[in-house]
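Take a look at the structure set out below.
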Amino acid sequence: MKTMLLFQNKTIPVYLTDTNKQAIEKLSTVLNRKLTTGKNALKTCIKSLISVEIVGSEATLHSLSERDTLTISLY
């Protein structure tokens, strides 16, 4: 399933394996928190996000630079 997330004034596609509204809400909360308190590599990835893939309780953040792609835990 594909849905869209508005984050940092950008619309980012989010791909889910199942329809879990809670995962999308948690993703938004985690991204905002990590943008302020995360390490530099994570901040760089979040600032250049192009899509997110959620599988279970993990979100893979895809950025413009392929080497900046990271996977984070939502819970």
Side-chain angles (χ1 to χ4, degrees):
M1 180 180 137
K2 177 182 173 184
T3 187
M4 302 302 269
L5 173 70
L6 184 61
F7 181 73
Q8 298 288 313
N9 295 323
K10 294 189 298 186
T11 304
I12 300 168
V14 178
Y15 300 95
L16 300 152
T17 55
D18 57 356
T19 56
N20 187 354
K21 273 265 209 213
Q22 199 173 30
I24 296 171
E25 293 169 6
K26 189 69 174 169
L27 174 66
S28 180
T29 303
V30 169
L31 289 177
N32 282 315
R33 186 177 70 237
K34 295 293 186 181
L35 193 57
T36 57
T37 64
K39 302 214 182 233
N40 285 337
L42 185 56
K43 288 180 184 180
T44 302
C45 180
I46 292 172
K47 288 178 184 175
S48 63
L49 266 181
I50 56 172
S51 69
V52 178
E53 181 182 356
I54 298 176
V55 178
S57 64
E58 292 186 339
T60 302
L61 310 176
H62 300 279
S63 65
L64 288 173
S65 174
E66 191 173 308
R67 65 187 182 110
D68 291 334
T69 299
L70 297 172
T71 300
I72 61 172
S73 177
L74 296 176
Y75 299 99

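Source: prediction; values computed, not measured.
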Of the non-hydrogen atoms in Cys45 and Thr69, which two are nearest, and what is the gap between them? SG-CA, 4.4 Å
Restricting to non-hydrogen atoms, name the atom on Leu70 and the atom on Ala41 that form the minimum distance, rounded to 0.1 Å. CD1-O, 4.0 Å
Could you state the interatomic distance from CG (Leu31) to CZ (Arg33), rounded to the nearest 0.5 Å? 9.5 Å
Minimal heavy-atom distance between Thr44 and Ser48, with the atoms involved, is O-OG, 3.1 Å
Heavy-atom pair with the smallest gap, counting every atom of Tyr75 and Ser57: CD1-CB, 3.3 Å
Roughly how far, to the nearest 0.5 Å, is the NZ atom of Lys34 from the CD1 atom of Ile46? 8.0 Å
Using 0.5 Å steps for rounding, measure from the CD1 atom of Ile12 to the OG atom of Ser51. 9.0 Å
Treating Lys47 as the side-chain partner and Leu35 as the backbone partner, does any N or O pair qualify as donor plus acceptor under 3.5 Å? no
Which heavy atom of Lys2 sits nearest a heavy atom of Pro13, and at what distance? CE-CB, 3.8 Å
Rounded distance [0.5 Å steps], CG in Leu5 versus OG1 in Thr11: 8.5 Å
Is any side-chain heavy atom of Gln8 closer than 4.5 Å to a side-chain heavy atom of Asn32? yes
Rounding to 0.5 Å, atoms CG (Leu16) and CD1 (Ile54) come to a distance of 4.5 Å
For Ile24, the option from Leu74, Thr3, Val52, Thr29 that meets side-chain contact (heavy atoms from CB on, under 4.5 Å): Thr3
Applying a strict under-4.5 Å side-chain criterion to I, L, V, M, F, W and Y, I'd like to know whether Met4 and Tyr15 cluster together. no
